[in-house]
Protein chains: 2
Amino acid sequence: MVNQQDPRVLRTRQFIKEAFRELLQKKDFDSITINDIAQRATINRATFYAHYEDKYALLDEFTEQAFRERISDQVLNAREFTEEICDELIVMTYNYIVDFYRICRMDSKPIATLVDEKIKKMLQQTIENILLKGNIHPVEDRYTKIISAMTGSAIYGAAHSWLTVGEKDQTDLLVEIVRPYVMNGLGLPKVP
Amino acid sequence: MVNQQDPRVLRTRQFIKEAFRELLQKKDFDSITINDIAQRATINRATFYAHYEDKYALLDEFTEQAFRERISDQVLNAREFTEEICDELIVMTYNYIVDFYRICRMDSKPIATLVDEKIKKMLQQTIENILLKGNIHPVEDRYTKIISAMTGSAIYGAAHSWLTVGEKDQTDLLVEIVRPYVMNGLGLPKVP
DNA sequence: AGCGGAAAGTTGCATAAGCAACACATTGGG
DNA sequence: CCCAATGTGTTGCTTATGCAACTTTCCGCT
């Protein structure tokens with residue numbers, strides 16, 4: 001519908017996302033109206049609908065972009081799922097969750113669920129990309145997807161649990177627990 | 001041509017002026033191209049021309065806005081040209097010149113002249129407004145314009161000279177010199 | 001002088017954004 | 001219960017912006 005390259009489009013979407021970020025710090029998601037967003041972004045309400053179906057679509061893009069920005073080039077270009085990469089994913093995921101729950105008041109369960117699902121999905125996709133690039137690995141290609149899903153879910157679940165349990169900022173320990181579990185599960189060779 | 005109230009117009013003009021301000025800190029006015037401005041403002045070059053005839057028109061609006069933002073409500077609402085108001089105008093003018101010459105590299109004389117003329121004009125207009133509001137004053141109405149011009153020029157000339165001479169930031173002294181000159185020239189009663 | 005490139009402006013057309021009005025759903029008092 | 005207020009989503013039309021192509025002007029260089 002709209003040309004994603006048009007500078008007007010890029011600007012408008014940035015305005016919307018920035019306004020959304022600011023609003024999330026003051027109000028919980030449910031009580032943010034499209035009007036709030038449009039006003040703060042100094043755009044017309046109709047313009048919002050030209051870009052997003054509703055505020056859930058915005059939340060989706062927002063969380064995805066925030067996640068992408070945290071993926072380092074090292075992870076992005078990795079051709080093998082090493083312990084180093086694994087560690088980075090664990091820490092990154094944990095930090096993402098911490099920040100997100102701190103910034104936003106994830107008051108309503110349905111919203112928290114949406115965000116959680118998004119993070120998990122992004123994580124799985126990231127892992128799958130790495131595994132697919134390393135054409136030589138002990139996992140059959142046809143199982144790559146489910147392996148990625150498991151791994152992503154494991155990392156995410158651990159990070160989330162770690163936050164809930166309240167072991168704040170002990171990421172070293174978190175990594176020590178999760179890494180061997182994941183690497184063993186993948187059956188990948190451990191660097192001595 | 002363009003509706004000054006349209007939010008798109010307001011935003012675009014802000015973008016342009018902000019880009020212009022940033023560029024002035026890195027390059028001298030002459031070497032700034034319309035392309036530079038458009039690129040930094042993330043707008044199309046043709047859009048620039050929809051708002052300003054050329055970069056001189058932009059400079060004009062830019063300096064005017066900067067000046068307006070420095071006029072206090074007290075001066076704006078003044079109904080009489082008191083010593084207090086006079087002092088404020090002197091200091092404000094001096095500070096404006098200092099800031100402007102510091103921010104921009106006023107390399108080329110013609111540009112410096114343009115800016116200087118603008119400041120003087122704004123100053124004269126501000127003074128005229130005050131004099132006209134105070135309907136009872138010793139100056140004939142038909143002479144208000146020329147009186148304002150003289151006063152504005154005097155204040156501006158003094159401030160500019162003060163800067164050139166190098167008596168930096170001795171605004172107290174500047175005020176002590178200029179105020180009696182101006183107030184005596186106007187023939188206004190001196191507060192004991 | 002004359003050449004060539006860069007910047008200045010201009011123009012016609014495509015597209016995004018603004019706006020006002022609309023129908024509909026939700027909700028919170030009286 | 002009702003209705004008034006508020007939010008959602010849509011639509012038709014207007015206006016501003018983007019873009020590409022063009023001419024003109026300016027300026028350095030040989």
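Within every chain, numbering begins at 1; the chains are lettered A, B, ... in the order of the sequence lines, protein sequences first and strands thereafter. Just the heavy atoms: all of them, side chains too, but no hydrogens, waters or symmetry mates, feed the values below.
The two residues B:Tyr94 and B:Ala159 make their nearest non-hydrogen contact at CD1-O, 3.7 Å. In terms of heavy-atom proximity, B:Asp60 sits nearest to B:Thr63 at O-OG1, 2.9 Å. Between A:Gln124 and A:Ser153, the closest heavy-atom pair is NE2-OG, 3.2 Å. Annotation for B:Ala78 and B:Ile130: closest pair O-CG2, 4.0 Å, computed over non-hydrogen atoms. Between B:His51 and B:Thr12 the shortest heavy-atom distance is NE2-CG2, 3.6 Å.
Whole-Å rounding puts the A:Tyr49 OH to C:dA23 C1' distance at 14 Å. Across the protein-nucleic acid pair, A:Asn35 atom CG and D:dA5 atom P stand 17 Å apart, rounded to whole Å. Regarding B:Phe48, its CZ atom lies at a distance of 17 Å from the P atom of D:dA16, rounded to whole Å. Straight-line distance from the CD atom of B:Gln39 to the P atom of D:dC19: 12 Å, rounded to whole Å.
Judged purely by distance below 3.5 Å, without hydrogens or angles, the side chains of A:Asp54 and A:Tyr49 never pair a donor atom with an acceptor atom. A side-chain N or O of B:Asp28 and one of B:Ser31 form a donor-acceptor pair less than 3.5 Å apart.
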So which protein N/O to nucleotides 17-22 of chain C N/O distances come out below 3.5 Å?
unit_1	atom_1	unit_2	atom_2	d
C:dA17	OP1	A:Arg8	O	3.1
C:dA17	OP1	A:Thr12	OG1	2.5
C:dA17	OP2	A:His51	NE2	2.8
C:dA17	N3	B:Arg8	NH1	3.1
C:dG18	OP2	A:Asn44	N	2.9
C:dG18	OP2	A:Thr47	OG1	2.7

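Of the inter-residue distances, the one linking B:Ile43 atom CD1 with A:Arg8 atom CZ reads 12.5 Å to the nearest 0.5 angstrom. The CD1 atom of A:Ile97 sits 7.0 Å away from the CG atom of A:Asp116 when rounded to the nearest 0.5 Å.
Between A:Lys17 and the options A:Glu61, A:Glu69, A:Glu64, a salt bridge (charged side-chain N to carboxylate O under 4.0 Å, His left out) holds for only A:Glu61.
Each end of the helix from C:dA1-D:dT30 to C:dG30-D:dC1 yields a helix axis from five base pairs, and these two axes differ in direction by 30° (to the nearest 10 degrees).
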Verdict with reasoning, B:Thr144 to B:Glu128, per side chain to side chain donor-acceptor pair (under 3.5 Å): CA-CA 7 Å; B:Thr144 301; B:Glu128 189 180 350; over 6 Å; no
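For the contact set between residues 52-64 of chain B and DNA chain D, defined by any heavy atom under 4.0 Å, there are no members.
Each of B:Gln4 and A:Asp36 was matched to the nucleotide of DNA chain D holding its nearest heavy atom; the match closer to the 5' end belongs to A:Asp36.
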